[in-house]
Amino acid sequence: MEREGETTTMLFNEKLSAVKGLLKTTNVALARAAGIDASCVCRCVNGSYVPSKNSRILSCITNGVVKLADEKRAAALYGLCGGEAGRTLREALFAWFSADDSGLKKERAVRKRSAPQLDKKTKRAESALLAAKLNFLMEQLGVSNAALARYVNVDASAISRYRAGKRSLSSHAEILPEFCRYFAFLSRSQKLPEPLASELRFGEEDEESAAAKFLEWFRKDDASHLALTRGFLDGITEAAEIPQAQRQTQFGKAAGGKGLSVAEEMFLGGGAVQRAFARFTESALDSGKGRTIYFYAADSGGLGGGFAGLWSSLASELIAAGNRIKVIHQLDFNVEGMFRAVEPWLPLYLSGQVEPFYLTKPHRSLMNEFVGVAEGLSTLYFSNADNDSQEAAAFFTQNGDKAAVIKGRIAHLLASAKPLLEIYTRDNLEKLYGDLDHHLHADGDIVKVMPLLSLETMPEQLAEKIFDAHGITGNERALFDRYYRERRATFLSSLREVNVTEIYPRFSEDEAAAGKITMRRPWLSEGEHSLYSPAEYREHMEAMAALEREHANYRRVFFRDFPFKNMDIISKQGQAVYVIKNGAPMTAFSFLHSHMNYVLERYIERFTR
């Protein structure tokens with residue numbers, strides 16, 4: 001460091017060291033907040049690596065610093081970097097890090113060829129990033145080009161070209177999952193180095209789950225991947241209550257309305273799957289006996305599109321008639337495939353009337369298609385995912401012996417399957433609170449995405465005043481008191497042990513002044529949502545700000561474009577993600593499939609940067 005007149009010049013590594021000292025943080029903590037490897041932060045601090053101006057690494061480090069800065073330290077950081085009035089902390093830090101005295105590398109000039117298109121540039125950047133990650137993994141795990149090449153059945157020179165960036169590697173390349181399977185195989189026999197193990201959050205995963213986490217680590221900056229997750233969650237918010245059962249299966253009626261006789265039929269052409277499914281449903285309803293109905297959904301694509309609504313109606317008829325439904329999904333670690341398989345079933349899952357399972361390993365004992373069997377009665381199967389295609393084909397048989405054979409094969413799969421979801425409704429609300437409370441005190445950060453301010457952050461005197469002002473009395477008041485006091489005590493206790501980030505919409509001053517901001521009420525409360533008065537809202541916000549000042553591990557984040565309007569998401573790092581749907585029907589769930597939780601957790605982390 002040197003002084004020229006009154007100006008202090010500092011190299012980038014000196015600036016970063018000063019920031020770390022002010023924040024009293026470590027390389028690992030800063031790397032975790034930045035979403036990069038701790039080795040990269042370490043090399044930046046000791047000066048062995050200097051990032052380029054406007055590089056991704058510089059941007060990530062800046063974001064990480066802002067994420068770790070509480071209100072008091074934010075003011076100190078402004079002073080350290082000489083932030084100008086009107087600039088956000090991130091803008092001020094980034095400008096300071098990028099200043100000429102930092103000694104950053106110049107932006108690499110793009111070789112002029114023939115004005116490359118933006119999408120090609122994006123692909124090159126993605127390929128370079130994946131090549132860097134591949135290099136890092138191979139170095140950390142001591143993998144040679146020849147060893148990896150033998151596993152994925154390519155020439156060693158191909159691996160060398162991937163690592164050097166001379167051969168394009170995309171996040172959806174078919175060879176990438178094969179790389180991940182090999183790294184997962186190695187991770188089961190040797191301990192992963194830090195900070196890689198921390199970044200991947202390995203627990204007691206089997207090899208398939210470990211491979212999935214490696215793949216998500218490679219893909220975590222893929223915008224289309226994030227959009228897929230957002231779309232999946234949007235679908236949850238829109239999942240309607242299971243409709244009242246009505247006899248709508250006109251496709252299943254035989255001529256003259258005499259019902260179905262023992263038959264085997266092939267349905268071909270557009271609507272084939274729909275007609276076969278209706279015939280299968282009608283056979284179960286006409287039998288007059290509640291049965292267990294099994295579905296094996298190797299690929300649920302046929303339930304999408306215009307057929308999804310009819311499927312929900314048909315399944316609701318089966319449930320209303322006293323039948324039980326069990327579904328087995330064959331899920332791998334292809335996130336797009338997993339979401340496509342699960343999404344058509346969501347309305348039924350959220351009703352709590354369908355039991356979903358998943359196979360822990362890919363299974364080929366049944367054909368790779370959709371199979372349904374009504375115990376002792378009839379069977380349905382189809383393999384074409386496009387119900388509207390002229391090539392669609394589906395098969396139905398009302399033959400008890402054949403149904404028994406298929407049921408036996410599905411039951412064999414069920415014995416090696418695991419439950420896919422933990423479902424919570426008003427009937428087992430206390431279990432949801434108990435599970436959440438358990439996770440609040442376990443190791444790992446907590447991130448909450450909530451459209452309404454939580455009651456847990458409301459001070460006791462304000463809660464009493466609000467309960468009185470809003471006329472909450474009798475049983476509802478007792479419920480409020482119990483819910484509020486238990487949740488607040490648990491919340492305050494957790495702040496002594498774990499980091500908690502709460503993400504909310506950024507309400508406008510006009511909304512607050514007009515008293516248009518909705519107050520949260522417990523699930524079991526049947527009354528309409530109350531509205532804050534301007535003074536109540538202001539007092540609650542001030543109380544939350546005080547919590548931030550008093551607890552270094554509590555943080556609020558406000559978004560103008562908040563993503564979800566009717567859903568809470570609570571993510572417990574490395575353990576569980578709870579999705580709480582506040583509209584009718586009021587339900588909550590957590591995936592018991594570790595990789596699906598991991599994908600949702602990665603998505604939620606984006607809002608904390």
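Heavy-atom basis, side chains included; hydrogens, waters and symmetry copies ignored.
Interatomic distance, I503 CD1 to I569 CD1, rounded to the nearest 0.5 Å: 9.0 Å.
Taking all atoms of both residues into account, the shortest heavy-atom contact from F97 to S102 is O-OG, 2.8 Å. Here the shortest heavy-atom pairing between A69 and L77 reads CB-CD1, 3.7 Å.
Side chains of V45 and N13 form no contact here, defined as non-hydrogen atoms less than 4.5 Å apart. T457 is listed as a side-chain neighbour of L547, based on a closest heavy-atom distance under 4.5 Å. Contact of the I61 side chain with the L93 side chain is not registered, since no non-hydrogen atoms from C-beta on lie closer than 4.5 Å. Proximity of L233 to M567: side-chain heavy atoms (C-beta onward) are separated by under 4.5 Å at one or more points. Contact annotation: the side chain of K20 approaches that of L30 to within less than 4.5 Å [non-hydrogen atoms, C-beta and beyond].
For the 3.5 Å distance criterion, the side chains of S508 and E511 qualify, holding a donor opposite an acceptor. No donor-acceptor contact under 3.5 angstrom links the side chains of T501 and K448, judged on distance only.
Applying the side chain to side chain contact (heavy atoms under 4.5 Å, CB included) rule to N553 yields the partners L495, N499, H551; only residues at least two apart in sequence or on another chain are considered. A search for ring pair (Phe, Tyr, Trp, His ring centres under 6.0 Å) contacts involving F591 returns F589, not counting sequence neighbours. Every residue meeting the ring pair (Phe, Tyr, Trp, His ring centres under 6.0 Å) condition with Y532, not counting sequence neighbours, appears here in chain and number order: Y537, H540. Listed by chain and number, the residues in a ring pair (Phe, Tyr, Trp, His ring centres under 6.0 Å) with F94 amount to none (sequence neighbours excluded). Evaluation of the ring pair (Phe, Tyr, Trp, His ring centres under 6.0 Å) rule for F507 yields no partner, not counting sequence neighbours. Applying the side-chain hydrogen bond (donor to acceptor under 3.5 Å, both in side chains) rule to S17 yields no partners; only residues at least two apart in sequence or on another chain are considered.
Using a 4.0 Å cut-off between charged nitrogen and carboxylate oxygen, R496 and E550 do not count as a salt-bridge pair. Remark: R556 does not engage E542 in a salt bridge, criterion side-chain N to carboxylate O under 4.0 Å. Between D435 and K572 there is no salt bridge, since no side-chain N of the basic residue sits under 4.0 Å from a carboxylate O of the acidic one. Taking 4.0 Å as the cut-off between side-chain N and carboxylate O, E536 and K465 do not count as a salt-bridged pair.
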Test salt bridge (Lys or Arg N to Asp or Glu O under 4.0 Å) on E605 and K67; report intermediate values, then the result. CA-CA 11 Å; E605 284 180 355; K67 180 179 177 181; over 6 Å; no

Verdict with reasoning, R555 to E502, per salt bridge (Lys or Arg N to Asp or Glu O under 4.0 Å): CA-CA 6 Å; R555 177 175 172 236; E502 295 187 333; over 6 Å; no

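Checked by atom type and distance alone, the side chain of Y603 never pairs as donor or acceptor with a backbone atom of Y598 at under 3.5 Å. Panel note: side chain T587, backbone K581; no donor-acceptor pair is recorded below 3.5 Å. A donor-acceptor contact shorter than 3.5 Å is absent between the side chain of Y483 and the backbone of A478. Between the side chain of R487 and the backbone N or O of E456, no donor-acceptor pair lies under 3.5 Å. A donor-acceptor pair is defined here as one N or O able to donate and one able to accept, closer than 3.5 Å; no such pair exists between the side chain of S571 and the backbone of E601. The closest donor-acceptor contact from the side chain of K15 to the backbone of W96 lies under 3.5 Å. Checking side-chain atoms of S493 against main-chain N and O of T490 turns up no donor-acceptor pair under 3.5 Å. Of the possible donor and acceptor atoms, one in the side chain of N428 sits under 3.5 Å from a partner among the backbone N and O of T425.
The aromatic ring centroids of Y358 and H593 lie less than 6.0 Å from each other. Residues F559 and Y504 place their aromatic rings such that the two centres sit no closer than 6.0 Å.
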